[in-house]
Structures are given as C-alpha cells and as structure tokens.
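Chain naming here is simple, since letters A, B, ... match the order of the sequence lines and numbering starts at 1 in each. All values below were derived from every heavy atom in this structure, side-chain atoms included, with hydrogens, water molecules and symmetry-related copies excluded.
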Amino acid sequence: MSADSDTEALLDALERIDERLHDEQAYLTELDSRIGDADHGNNLARGISAVTEKRDELAGKPIDEAVKTVGTTLVSEVGGAAGPLYGGSVLSASQELEGGLDAESAVAFAEAYREKLTERGGARPGDKTMVDAVTPAVHTFQRAVEEDDLPSVDALAKAVDAARRGVEYTVPLRASKGRASYLGLRGVGHRDPGATSTLFVLEELLATAED
Amino acid sequence: MSADSDTEALLDALERIDERLHDEQAYLTELDSRIGDADHGNNLARGISAVTEKRDELAGKPIDEAVKTVGTTLVSEVGGAAGPLYGGSVLSASQELEGGLDAESAVAFAEAYREKLTERGGARPGDKTMVDAVTPAVHTFQRAVEEDDLPSVDALAKAVDAARRGVEYTVPLRASKGRASYLGLRGVGHRDPGATSTLFVLEELLATAED
Amino acid sequence: MDKLINEPTAYVDEMLDGMVAAHDGLRRLDGTDVLVRADGPVEGKVAVVTGGGSGHEPTHAGYVGEGMLDGAAAGAVFTSPTADEFSALIDAADGGAGVLCVVKNYEGDVMNFDTGAEMAGMEGVEDVEQVVVNDDVAVEDSLYTSGRRGVCGTILVHKCAGAKAAAGADLDEVARVAEKVVDNVGTMGMALTSCVTPEKGEETFDLADDEMELGIGIHGEPGVERTETASADEVADTLLDHVLDDLDVAAGEEVVTIVNGMGGTPLSELYIVQRRVAERLDEAGVDVHDAWVGDYMTSLDMKGCSVTVCRVDDELKELLAAPAETPALTVGE
Amino acid sequence: MDKLINEPTAYVDEMLDGMVAAHDGLRRLDGTDVLVRADGPVEGKVAVVTGGGSGHEPTHAGYVGEGMLDGAAAGAVFTSPTADEFSALIDAADGGAGVLCVVKNYEGDVMNFDTGAEMAGMEGVEDVEQVVVNDDVAVEDSLYTSGRRGVCGTILVHKCAGAKAAAGADLDEVARVAEKVVDNVGTMGMALTSCVTPEKGEETFDLADDEMELGIGIHGEPGVERTETASADEVADTLLDHVLDDLDVAAGEEVVTIVNGMGGTPLSELYIVQRRVAERLDEAGVDVHDAWVGDYMTSLDMKGCSVTVCRVDDELKELLAAPAETPALTVGE
Ligand SMILES: Nc1ncnc2c1ncn2[C@@H]1O[C@H](COP(=O)(O)OP(=O)(O)O)[C@@H](O)[C@H]1O
Ligand SMILES: Nc1ncnc2c1ncn2[C@@H]1O[C@H](COP(=O)(O)OP(=O)(O)O)[C@@H](O)[C@H]1O
Ligand SMILES: [Mg+2]
Ligand SMILES: [Mg+2]
Ligand SMILES: [Mg+2]
Ligand SMILES: [Mg+2]
C-alpha cells in the first residue's frame with residue numbers, strides 16, 4: 001500500500017534526521033551562543049528524540065497523519081521559537097499529504113510549510129532566520145518539479161543547494177527577527193542557527209530520497 | 001624631657017611598623033588564606049594606618065598615654081581576633097609605662113602584654129597562635145634584662161630571635177585556637193599569621209632601638 | 001562544573017519538585033512543568049498567569065501565590081514553554097472570570113502562548129487576554145528588531161495585575177493595570193560574566209576579566225555592547241541614564257526602582273549600585289516611592305545586574321503595597 | 001575583577017548607605033557601621049542585636065526590623081566589628097528592658113562583643129546578655145578547636161528571639177528562647193568555588209573544577225575536607241547525614257530546614273538540593289514543619305550551599321510564624 005511505503009520513508013528520514021541533529025547538537029547550540037541564547041541544538045535534539053520515540057505509533061498511520069503527529073510532537077516538546085515554527089509549520093502543512101506523498105503533494109507541502117512559517121513568525125527573507133533557508137529551497141523545489149519537470153530527487157537536490165546558499169547568505173546579514181535581532185550589527189558575520197538546522201534536515205531528506 | 005624622647009622613639013617605631021605591615025600586608029593575608037579567612041594583613045594595615053594618622057595627637061602625650069591611645073585605636077579599628085588581642089593587650093599594658101620607658105618598665109610592659117593576651121584569647125603556647133611568638137619573646141627579654149643584665153637592645157635582639165623560632169614552631173602544629181583550629185590536621189604545615197605579624201612588629205622595634 | 005545538579009536533563013523537573021516540597025502554597029499539575037496555587041483556581045477571580053524558560057528563578061513560579069500569580073509554566077532552561085504547557089496552565093488557573101497571561105516579549109514566548117491560549121479556548125476557557133511586557137530599553141524597538149525584550153520590569157506587572165485581580169476587578173481592569181505598568185517601566189542590564197547552562201556546562205560567551213557586556217537580556221545572549229569594566233557608580237549611571245532617558249522621567253515624578261541581581265552577584269554589591277541609583281535620582285529631584293534590591297529575575301549564575309525604573313501613580317502605589325504571599329515576595333497587610 | 005564595586009575600601013560603607021537608601025525601616029548611626037531600626041529604640045521592649053563581618057548579606061542588617069533584630073553592627077569584610085561598634089549598637093538599641101546580643105561563635109566576635117558590652121555597661125546599659133550560636137556540625141567541639149562556628153542557624157535564633165521580644169517577654173525569657181534554638185539547630189556547608197574578597201580581588205583558595213570543599217564556614221576559610229565534586233543529591237545526603245546525626249533527630253520529630261545559598265549559586269540549584277533534603281526527611285519519618293530555601297547567610301560570591309535542621313516544638317513554631325518585617329524576611333500576620 002502506498003500509505004505504508006510513504007510512512008516507511010518518513011520513518012527512515014526521521015531516523016536520519018534524529019542522528020544528524022544529535023551529531024550537530026553542539027554545533028547548533030554553539031551557533032546560537034554567538035547570536036542567541038545557546039539552546040537551538042538542545043531544543044531540536046529534545047524534539048526529534050520525542051518524535052522518534054513515537055516510531056511505533058507513527059508506523060501505523062497514513063503519511064498525513066504521521067506527519068501531523070510529528071508536528072504536534074515538535075510543538076509540545078521543542079518550545080522556544082523553533083518549536084512553534086518548525087512544529088506548527090509541519091502540523092499545518094501535513095494536510096497537503098492527505099492523498100499520499102508524490103511530487104505534486106510534496107510541492108504543496110513545501111509551499112504550505114513556507115507560508116505557515118512566515119505567517120507565524122512574521123519574518124521575511126533577509127531577516128536572518130530559518131526563512132532564509134526555507135524560502136529559496138521551496139521556490140527552487142517548486143520550479144524544478146513544476147516547470148523543469150525534474151524527478152523529485154533531483155528537485156530536492158537543487159532545493160538543498162538553494163538552502164545551503166541561503167544559510168551562507170545569513171552570515172553577513174543583520175537580523176531583524178528572533179533573539180539575534182537584539183544584537184544589532186554585532187550579529188553580522190554569524191550563521192543563523194535556524195537556517196542551518198533547516199539545511200541539515202533537508203540534507204537528510206535528500207539522503208533518504210537518494211537511497 | 002624623658003616623656004618626650006620616649007614618645008619620639010615610639011613615633012619612630014610606629015612609622016617603621018607602619019611601613020613594614022603595609023609591605024607585608026599581602027603576605028600576611030596570604031598566610032591567613034591558607035588557614036584562616038584571608039584578612040590578617042588587611043586588618044593590621046587598616047589598624048596601623050589609623051594609628052599613624054594620629055601622629056600629631058600622640059606626639060603631645062607622655063609615653064604611657066601615647067601607648068594607651070595606640071591600644072584604643074587598634075581596638076576600635078582592627079576588629080576580628082587581632083583587634084582585641086593586639087589592641088587590648090597594648091592598652092592594658094600601657095599603664096606599666098606610667099613612669100616612662102626604661103629596661104625595667106619595658107619588661108613589665110612585655111609581661112603585662114603577654115598576660116592580657118593569654119587571658120583574653122585563652123590560648124596557650126602550642127595552640128598555634130600569636131602566643132607562640134609572644135611567650136618566648138617575653139620570657140627571653142625578661143631573662144636577658146633581669147638575670148643576664150644585658151642592655152635593652154641586646155635583650156630585644158634575643159627576644160626577636162626567640163619570636164622567630166616561635167613562628168617556625170607554629171608551622172608543624174595543629175591549631176587549637178582561632179579559625180585555624182577548624183581545619184584540624186589540614187592546617188599543619190602552615191605558619192600562623194598572627195605569630196608572623198608579631199615577629200614583624202618586634203623586628204621593627206629592634207630596628208628602632210638599634211638606631 | 002561548579003553546579004549543584006544531578007542529570008542536566010532533570011534540572012527543571014527536580015527544581016520544580018523542590019519548589020513544591022518547600023512551599024505548601026504551590027501545586028504541580030500532573031505530567032506538566034506548570035505550578036499553580038495549591039488553593040486555586042480561585043472561583044470568580046481573574047487569574048493572572050505567566051511562563052517562560054527556566055533559569056531565571058525566582059521567576060516565574062516564585063511569584064505564584066495570594067495577591068500575585070495564579071500559576072506559571074516553566075520551559076527548559078532559557079527556552080519558552082510549549083503551547084501545551086501554556087494551555088494546561090490556563091485551564092487550571094481559570095476560576096471562571098477569565099485569565100490574564102503576562103508574557104515577556106519574545107517571539108518564542110508569544111507564539112507558544114498564543115497557541116496555548118487557542119488550545120485553551122478550544123477547551124472552554126473563553127476570556128484569555130495577553131499582556132506583552134517589553135521593558136528592556138537596551139534594545140531598540142525598530143524594524144530591525146523583534147521589538148524590545150521583556151525583563152525584570154515584568155515582576156511589577158505581576159504584582160500590580162495580581163493585586164488588582166485579588167481586589168476583585170474584572171479582566172479588562174486587570175489588563176488595563178498591567179498595560180499601565182508596561183507603559184511606565186524601563187529596564188537595562190549588564191553582565192560581568194557569562195552564565196553557565198546545565199546542558200552546556202561551560203560559559204555561553206567569553207568575557208575577559210576586564211570586560212563587561214551592556215544591554216544584556218536574561219538568557220545568556222550577548223548584550224548590545226562590550227566595554228571595559230567600570231566602577232559600580234559608573235555602571236549604575238550608565239544603566240540609569242538609559243532608562244530615565246527612555247522613560248522621560250521628570251523631576252517631581254514618583255518612581256519605584258529595582259536593582260536586580262543576575263544570580264551570581266552578591267547582595268552587598270547590589271546595595272552599592274542601589275546607593276548610587278538613589279543618589280542620582282535624588283539629585284534629579286525624582287521621588288523614589290520604593291526601592292527593591294535583590295535577585296528577582298536572574299540568568300542562572302551570571303554576575304551582573306539590571307536597573308528598573310517604573311513611574312507610579314496612586315493606583316500603582318496602592319497595588320504595589322497590597323498584600324502578597326508568595327515564595328519570593330511577601331508584602332504584609 | 002568581576003565585581004560591582006567602587007573602591008574596595010569603601011565597600012562596607014557604600015553597601016550600608018545603599019541598604020538605608022532602599023529600606024526606610026533602617027537607620028545608620030552617625031559615624032559608625034551600625035544599622036538600627038529607624039523607629040527604635042522601642043521603649044520597654046528587650047532589644048535583640050547582632051553583628052559580624054560583612055560579606056554575608058543579607059546577614060546581618062537585612063534582618064533588622066519589626067519582629068526580628070533591633071540593630072546590627074557591620075565589620076570589614078569577614079572581620080568582626082570592633083568593640084566600639086558593638087558598644088554603640090547596644091547603646092542605641094536599648095529601650096530600657098535590656099539587650100540580647102546574638103553572637104556567632106568565634107573568638108574574634110566574642111571578644112569584640114564582650115568588650116563592647118563592657119563599654120556599653122560603663123555608659124549605663126545594665127542588662128546585656130550574650131547568646132553564642134555554634135551550629136556548625138562540621139567542626140568538632142573539642143580541646144583542639146575554639147568550639148564550633150556559628151553559621152546559618154543563627155537566622156532562626158534571630159527570628160525566635162526577635163519574636164519573643166516583640167511579644168513583650170523579658171530579657172531572661174528572650175535569652176531562654178534563643179538558647180533553645182541554639183540547643184536544637186545544626187548546619188553543615190560546602191563550597192564549589194572560593195569566594196573573591198574585594199580587597200584581594202582573586203580567589204581566597206584554589207579549588208579545581210572537579211573538587212569541592214566540605215564543612216566550610218562563611219569566611220572563605222577552607223573546609224574540613226576536600227573531595228571530588230558530587231551530584232546535588234549526594235551533596236544533600238552528606239550534609240544532611242552529618243546534621244541529623246549530630247542533632248540525633250528521630251522519626252516523628254518536627255523540624256524546620258534551611259537550604260542556604262552561599263551567594264553565587266542560583267536559586268534553581270538550591271531547590272534541587274531542597275528536593276532531596278525533603279525526600280530524605282520524608283523517608284526518615286521526620287516531619288518538616290517548614291522549609292526555607294534561599295540566600296540567608298552568604299560568603300560573598302561563593303558557590304555552594306549549607307543545610308540547616310532545627311528541631312522545633314510548639315513554642316518555636318509559634319515564634320517562627322510570628323510576624324516580621326525586615327528587608328530580607330517578611331512574615332505576614
Ligand atoms: N520570527 C521568526 N521567524 C522565523 N524564524 C525565527 C524567528 N525567530 C527566531 N527564528 C529562528 O529560530 C532560531 C532560534 O531557535 P531557538 O534557539 O530554538 O529558539 P529561541 O530563540 O527561542 O531560543 C533562529 O536561529 C531563527 O532561525
Ligand atoms: N584565641 C586566640 N588567642 C591568641 N591568638 C589568637 C586567637 N585567635 C586568633 N588568634 C590569632 O589571630 C590571628 C588571626 O587574626 P585575624 O586574621 O586578624 O583575625 P580573624 O581570625 O578574626 O580573621 C591568628 O593567626 C592567631 O595568631
Ligand atoms: Mg535559542
Ligand atoms: Mg583572619
Ligand atoms: Mg531559547
Ligand atoms: Mg577575619
């Protein structure tokens with residue numbers, strides 16, 4: 001059944017993301033200590049651990065329900081800014097997967113994620129937040145699928161590339177949202193933690209898709 | 001007049017003691033940090049400064065009155081254990097100098113100082129306190145003057161020597177009085193700050209006498 | 001690591017248990033990190049609640065009790081609580097007359113509280129109002145920031161709103177009073193050392209012995225400027241000048257001040273700062289109605305302080321003087 | 001140096017001015033480092049006074065006020081006040097019904113207080129009694145020590161004696177109650193870091209990151225034993241075991257506990273210790289009547305804590321619950 005194999009892929013992806021975020025926990029927290037409050041890696045590690053603990057529960061669900069549970073779990077475990085942003089956006093975008101996961105619904109999911117994220121946090125590109133990784137990634141993915149008719153994996157590879165450039169783009173910026181905004185020009189020269197973690201998640205999604 | 005020259009000598013001595021205690025302030029405090037609360041040098045420096053500020057007032061007094069003022073000043077400025085011990089003993093012994101300062105009254109002063117000190121603090125030789133410098137110094141001075149008929153300066157030199165041995169004697173002792181007593185065996189191996197400062201004062205008295 | 005802790009991950013949980021063990025007036029909601037008044041919810045009274053990351057003790061739950069807060073949600077260290085926790089808090093505190101949520105301005109707190117309030121709304125708590133405190137004058141409120149942070153002035157909001165609610169006012173009135181404090185309070189802080197979080201176990205930022213950070217928040221985040229250390233008087237002057245300037249306090253006006261410690265600075269030093277703050281206000285002809293000195297909103301073991309000034313009128317003075325009985329603040333009858 | 005100070009030599013003077021600036025209830029005796037109740041002396045009431053070195057804030061003057069102390073003399077940092085100061089304190093506090101001096105056991109304090117009492121006696125204050133507190137169970141009371149130190153248990157002596165005096169008891173009765181607390185209280189402390197005195201500007205003793213000192217006093221003096229650091233629970237167990245053992249507390253007895261911070265340890269960690277103390281006493285069947293958690297008697301910026309246990313009967317419980325209004329401790333009606 002399609003629901004099952006989609007969810008299976010999700011579980012694979014979550015496992016990879018779990019490993020990656022724990023590997024990068026200290027690094028992300030370190031980035032956050034430069035321009036924030038030194039907890040971003042810890043927040044995400046706590047969240048993804050809670051998600052993977054629900055592995056069995058997720059396994060029995062169709063993809064949209066499973067993703068929804070991922071979102072609510074993040075909302076109720078991560079806290080801080082990242083919790084409602086990551087979790088709330090996943091939660092809200094999950095409904096795009098009602099009919100299962102394919103190239104089209106993946107694009108819809110991505111766009112819904114981006115929309116909810118910007119609506120919730122009020123950040124625009126250039127504000128030095130996770131939005132700077134998410135926006136170019138989503139637009140690139142969308143164009144690659146819808147206009148260039150690329151296979152999803154190739155489209156995702158392009159999206160990851162775009163996100164990576166988005167992360168680098170945050171370095172010289174002055175933040176206008178989040179704790180980094182309190183620093184004014186002192187934050188210039190530092191990578192945004194939320195954008196960076198977004199890139200890590202996308203990289204793991206790509207690795208799953210490539211397998 | 002005898003009163004004047006005695007007081008003059010006292011002022012000379014106080015000036016030297018003032019310089020010495022300030023020179024050794026950090027060292028005495030350091031000793032106190034090993035087995036006490038790291039303030040002995042500061043306490044004495046504060047006290048001797050207050051005394052030398054009264055230079056003009058002291059200059060007009062006969063020796064016993066001047067020494068009495070030194071005692072009360074120490075009592076009201078030093079605080080801690082050293083204040084009542086040093087100051088109270090000087091204060092109490094000052095009356096031995098009513099007839100002026102000579103070898104005989106100096107012995108009486110020294111003995112009265114020792115007596116008041118041990119009465120007030122309840123420490124005996126071997127308790128690892130200033131008593132370990134004071135007791136041998138006083139006894140040596142007394143014998144040198146009264147039995148060996150040595151001139152005061154030579155007697156004082158012997159007393160200083162005795163005090164120095166008293167200070168060294170405190171090193172391997174376990175304290176039974178003062179803050180050092182709380183340490184039990186951990187205080188063994190450290191010089192007592194109060195005995196050490198007593199030695200410094202005696203050395204300056206000797207230097208004054210020798211001039 | 002120079003900390004009295006067991007597992008870093010158990011930090012918040014064990015601290016909350018310790019608070020409940022010490023204070024009969026507090027109760028922990030099962031399965032949450034929310035503390036509420038043991039005798040609550042108080043039927044017919046507007047509830048005043050708050051929440052935020054841990055590490056600021058006695059903020060937040062230290063102010064839960066008669067005459068002040070009805071409950072507080074605790075997040076992980078420096079991390080705002082999740083929406084669920086806020087929702088559980090609102091549900092438990094509601095005594096039927098509505099709930100005022102006092103939130104320190106930061107997107108994380110606001111977003112989680114918003115979601116929590118929505119969730120509580122779904123469960124039948126209808127009247128939930130939010131007041132956002134943004135007293136940190138070190139941060140410009142401009143397009144380039146997410147607004148000013150909420151810091152130590154929040155305690156005065158808790159006190160006044162709590163007293164108003166205790167006096168039987170309705171939700172609108174309680175919210176009005178809270179907003180009045182927000183409109184009249186300013187704070188600026190500084191750090192002499194970084195704090196050490198239990199999870200990281202080492203200093204969040206490097207600060208040399210002869211450096212300090214001005215305009216810090218309460219999460220170990222860097223401040224707005226790094227300078228050479230200065231005397232207590234100079235520090236007091238700098239903080240106070242910024243705050244007075246921002247509030248535009250004039251001679252003849254009445255204020256309440258807080259010299260707040262960041263957790264690792266001894267009380268004696270706070271009084272040295274207080275001395276100068278009082279001297280300066282006296283010189284400026286500003287009337288100090290009351291002065292608080294102590295650790296009200298901390299940043300773990302950080303050394304440093306903040307200075308808060310709040311302009312008060314008769315209403316606020318009366319609310320500040322009203323009785324309160326909480327672990328961290330007691331005002332007698 | 002990470003301190004909010006001006007000149008180190010002005011430390012005590014400026015701190016006292018800051019206290020008076022913040023607290024209307026306090027008055028400074030001209031030309032001294034003595035703070036007394038602004039509304040004192042209270043005619044016909046026994047006065048309860050104390051004093052000691054500075055650096056332990058809110059001890060001592062933080063407990064001056066209605067229902068507790070009538071005045072306190074402040075010495076230089078960690079140095080007992082001089083006899084003059086004690087004498088001035090006794091004179092100023094005397095309301096004609098006699099003065100009880102609460103002294104923490106240490107030769108310096110006792111000698112200066114004795115001399116001060118003699119001097120006050122010469123000036124017409126006749127009834128002066130001294131109670132010496134020696135609650136530190138870490139120190140053996142033997143020929144080899146100058147007796148046990150007085151530490152945090154002293155606050156309970158202040159509270160009970162102050163309440164008894166406020167209730168109109170005579171000097172003998174006030175002294176009896178103070179002695180009763182002394183007979184039933186024990187404390188043990190530990191340090192994770194050395195404190196830094198303003199004059200020295202660096203740590204008094206070296207303590208590696210993975211070491212702690214057990215059985216410390218409150219003057220930055222070394223403790224009785226240096227060990228590897230341990231978890232909060234293990235620390236709580238060690239301190240509590242020593243105290244319970246010394247007091248010989250049995251199941252079914254009632255106690256009040258204090259988990260006291262040494263100045264640099266955040267409140268959150270004290271609650272983690274409190275959690276374990278409460279758990280252990282519960283297991284032992286000891287009834288905890290009340291638990292205090294906070295910075296009551298500190299050692300500048302030292303990190304660490306002490307645990308105090310005091311056996312209480314109905315009389316002491318009533319005195320502890322009596323109203324008090326002081327800068328550091330308020331008990332409502
Ligand atoms: N308003 C916002 N919109 C989008 N992203 C934001 C916003 N505020 C913060 N972020 C992102 O959140 C990240 C910080 O997350 P985290 O450290 O977990 O939360 P907190 O800031 O509450 O400590 C930032 O690096 C930034 O990418
Ligand atoms: N009971 C006592 N008898 C004699 N000398 C004492 C006694 N107690 C302390 N001392 C001396 O006082 C010295 C410490 O003085 P100081 O550091 O100024 O006072 P404190 O101990 O109050 O900090 C000790 O080194 C010791 O020589
Ligand atoms: Mg963060
Ligand atoms: Mg000393
Ligand atoms: Mg955070
Ligand atoms: Mg001392």
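- Classification of A/Arg165 and A/Glu168 as a salt-bridged pair fails, no side-chain N sitting under 4.0 Å from a carboxylate O.
- If you tally non-hydrogen atom pairs under 4.5 Å between each of C/Val110, C/Thr115, C/Asp84 and chain A, the highest count goes to C/Asp84.
- Note that the CD atom of C/Glu225 and the CE atom of C/Met190 stand 11.5 Å from one another [nearest 0.5 Å].
- Contact tally against chain C (heavy-atom pairs below 4.5 Å) for A/Leu185, A/Val75, A/Leu85: the top residue is A/Val75.
- Under a 4.0 Å N-O distance rule, the pair A/Asp161/A/Arg164 qualifies as a salt bridge.
- Residue-environment remark: CG (C/Asp30) stays at or below the threshold of 12 foreign heavy atoms within 6.0 Å.
- Under a 4.0 Å N-O distance rule, the pair C/Asp206/C/Arg226 does not qualify as a salt bridge.
- Using a 4.5 Å heavy-atom cut-off against chain C, the contacting residues of residues 28-37 of chain A are A/Glu30, A/Ser33, A/Arg34, A/Gly36, A/Asp37.
- Below 30°, between 30° and 60°, or above 60°: for C/His219 and C/Phe78 the angle between ring planes is above 60°, a perpendicular geometry.
- Proximity to chain C involves both the backbone and the side chain of A/Arg120, based on heavy atoms less than 4.5 angstrom apart.
- Note on C/Asn112, C/Asp136, C/Thr9: by heavy-atom pairs under 4.5 Å with chain A, the leading option is C/Asn112.
- Contacts between C/Asp33 and chain A at a heavy-atom distance below 4.5 Å are absent for every atom of the residue.
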Exercise for the section: Under the side chain to side chain contact (heavy atoms under 4.5 Å, CB included) rule, what do A/Arg55 and A/Leu11 come out as? Steps first, then yes or no, please. Expected result: CA-CA 7 Å; A/Arg55 208 195 145 78; A/Leu11 291 174; 3.9 Å; yes

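- With respect to chain A, the highest number of heavy-atom pairs below 4.5 Å among C/Val77, C/Thr197, C/Val224, C/Asp114 belongs to C/Val224.
- With a 4.5 angstrom heavy-atom cutoff, C/Glu213 touches chain A only via side-chain atoms.
- A salt bridge links A/Arg114 with A/Glu111: the distance from a Lys NZ or Arg NE/NH1/NH2 to an Asp or Glu carboxylate oxygen falls below 4.0 Å.
- By the 6.0 Å and 45° rule, C/Arg149 does not stack over the aromatic ring of C/Tyr106.
- Most heavy-atom pairs under 4.5 Å with chain C: of the set A/Gly184, A/Gly178, A/Ala180, this distinction falls to A/Gly178.
- Smallest separation of non-hydrogen atoms from C/Val139 and C/Gly147: CG1-O, 3.7 Å.
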